[in-house]
Protein chains: 2
Amino acid sequence: MDTDKTYHARLNSIFEVALVEEINKSADFRVFNKNEQIITEGQYLKYLPIVLNGSIRVFQTYEDREILLYYVTPLKTCIMSLSACLFNNKSLSNAVCEADTGVLLIPSNYILDWQKKYDSWNRFIISAYRDRYDELLYSFNDAVFKNIDERAMAYLKNYTEENNTNKVPLSHQALAHELGTTRVVISRILKNFELEGKVILHRGDIELKK
Amino acid sequence: MDTDKTYHARLNSIFEVALVEEINKSADFRVFNKNEQIITEGQYLKYLPIVLNGSIRVFQTYEDREILLYYVTPLKTCIMSLSACLFNNKSLSNAVCEADTGVLLIPSNYILDWQKKYDSWNRFIISAYRDRYDELLYSFNDAVFKNIDERAMAYLKNYTEENNTNKVPLSHQALAHELGTTRVVISRILKNFELEGKVILHRGDIELKK
DNA sequence: GGAAAACGGTATCAAAAGATACAAAGGGCT
DNA sequence: AGCCCTTTGTATCTTTTGATACCGTTTTCC
């Protein structure tokens, strides 16, 4: 768990000093447990969450299906919450912790306030939207123009690069879910990758060979 | 073409009075011709466009393919331009007029300025991002979870509802492009729709039956 | 230890979608 | 009228993906 110090240092790396002070004054810090549901569809929100450590999975449900939107990782916020807060709408999505997660809760009335006072807050908010949009656009293009095996390999490569490892700790089922397909399809593809010498399969994780 | 009056009335419907005055003082109004390219990939932007009439198609190119992002319609802005302006990055997309189009050009230095002064501007900017995100999310889910015939029908229905007509003025080729597939596939699907009595096909447009 | 759940392998069949090729019709232009 | 380009119709073949079923192994939990 974070000490107060590292948590300050982190905020200072993206916000101006005066804003960090305001945050410390006005925001609550809360820790949620792994698998705890923070937000449920239909709920009104009074706080904008900023993750300090851990990770939150954000998804919608549609016709019994869970539609993964994104993960909120440290120093990021959740644009679905932002939209809901700002326009005082019901949340359209759910948020569940992937791990024990420390979150700053910004009371929603400060959002527009800070927009008016702090450039760094403005950039933070806009970047949040922009980054999610780019991410989604990328996924969309992949989904429309690429085959699943390419998408799967891209996912594996991306994961290993971002997390600086060569093992992706997902079951076939979980990977299928990430890509919006079914377990059998993923098993088939991964087996082919293994035969081609591109990966080594273990129970519960996939090892990417160089 | 718009007179000054209707153009004022339009801005007043979304912005506070003081902001409309600032816009009139600081922004350029320009008219572009149909098929004129306003923005090219790689270009730096000094202005944020707000469309007053007409329509702008925004797209990226990737491996010889044109990837349609969205259309900018009246009283909307272009979030790709916004991102480029705000972070002083090269534009990642192209913008071409679909029709003769009147555009307000906001010098980029005013964007953050107005964020600090006007609630309505804040909401305008955030809504712009939110709406595009929602739009793209919707398309993404369709692409991943639905068959092309469903997507095609959804497109037709959506078009006729939004434009209050029962004819969609697109060639099969153009519709294929909208949905990221090929002409033959669309022709096949539309022919089926016709046999099922759902549409009537004409050269250059598709008529949706009730 | 034993039952239940999660995980992974694999075969078979069906459906969806893409690729290619060719023909015919419509519409504009000289 | 004659030419050309765009649009549409359609057949054939292949590839990709999904659906279902069944089995064996590993893990988890009482």
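These numbers come from the heavy atoms of this one structure, side chains and all, not from hydrogens, waters or symmetry mates. Below, read A as the first sequence line, B as the second, and so on, with proteins coming before strands; counting in each chain starts at 1.
- Of the inter-residue distances, the one linking B:L82 atom CG with B:I106 atom CD1 reads 11.0 Å to the nearest 0.5 angstrom.
- Spacing between atom CZ of A:F145 and atom P of D:dT16 amounts to 18 Å, rounded to whole angstrom units.
- With rounding to the nearest 0.5 angstrom, the OG1 atom of A:T77 is 6.5 Å from the CD1 atom of A:I125.
- Between B:W114 and B:W121, the ring planes lie perpendicular to each other; the angle is over 60°, past the 30° to 60° tilted range.
- No side-chain donor-acceptor contact under 3.5 Å links A:S108 and A:Y44.
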Give me, pair by pair, the N or O atoms of the protein and of nucleotides 23-30 of chain D that are less than 3.5 Å apart, along with how far apart they are.
| residue | atom | partner | partner atom | Å |
| --- | --- | --- | --- | --- |
| D:dT26 | O2 | A:R203 | NH2 | 3.1 |

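- Between A:E194 and A:K191, at least one side-chain N (NZ, or NE/NH1/NH2) sits under 4.0 Å from a carboxylate O, which counts as a salt bridge.
- Separating the OG1 atom in B:T61 from the CD1 atom in B:I67 is a distance of 8.0 Å, to the nearest 0.5 Å.
- How far CZ of A:R132 is from CG of A:D134: 11.5 Å, rounded to the nearest 0.5 Å.
- Nucleic acid contact class of A:L190 (heavy atoms, under 4.0 Å, all strands): none.
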Taking only nitrogen or oxygen atoms into account, show me every contact under 3.5 Å that the protein makes with nucleotides 18-21 of chain D, one pair per line with its distance.
| residue | atom | partner | partner atom | Å |
| --- | --- | --- | --- | --- |
| D:dG18 | OP2 | A:T181 | OG1 | 2.6 |
| D:dG18 | N7 | A:R188 | NH2 | 3.0 |

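- In this model, no donor atom of one side chain and acceptor atom of the other lie less than 3.5 Å apart for B:S139 and B:Y70.
- The C1' atoms of five pairs define one axis at each end of the helix from C:dG1-D:dC30 to C:dT30-D:dA1, and these two axes lie 40° apart (to 10°).
- Without hydrogens or angle criteria, A:T73 side chain to A:S55 main chain gives no donor-acceptor distance under 3.5 Å.
- For the pair B:I186 CD1 and D:dG9 P, the interatomic distance rounds to 12 Å; values are reported in whole Å.
- For the pair B:H177 NE2 and D:dT6 P, the interatomic distance rounds to 16 Å; values are reported in whole Å.
- In this structure, A:F193 atom CZ and C:dG8 atom C1' are separated by 17 Å, rounded to whole Å.
- Each of B:D149 and A:S171 was assigned the nucleotide of DNA chain C with the nearest heavy atom; the assignment lying further toward the 5' end belongs to A:S171.
- As a whole-Å value, the separation of B:Q173 CD from C:dG26 C1' is 17 Å.
- Remark: C1' of C:dG18 and NZ of A:K146 are 17 Å apart, rounded to the nearest angstrom.
- Taking a 6.0 Å sphere around CZ of A:F87, one finds it holds more than 12 heavy atoms contributed by other residues, nucleotides or ligands.
- The residue among A:I189 and B:H202 whose nearest nucleotide of DNA chain D is located toward the 5' end is B:H202.
- Using a 4.0 Å cut-off, no side-chain N or O of A:N147 falls inside it from OP1 or OP2 of D:dT15.
- With rounding to whole Å, B:L201 atom CG is found 10 Å from D:dT10 atom P.
- Note: CD (A:E150) to C1' (D:dT17) measures 14 Å, nearest angstrom.
- Taken to the nearest 0.5 Å, the CG atom of A:L170 stands 6.0 Å off from the CD1 atom of A:I206.
- With hydrogens and angles left out, the side-chain atoms of B:E178 and B:Y155 include a donor and acceptor closer than 3.5 Å.
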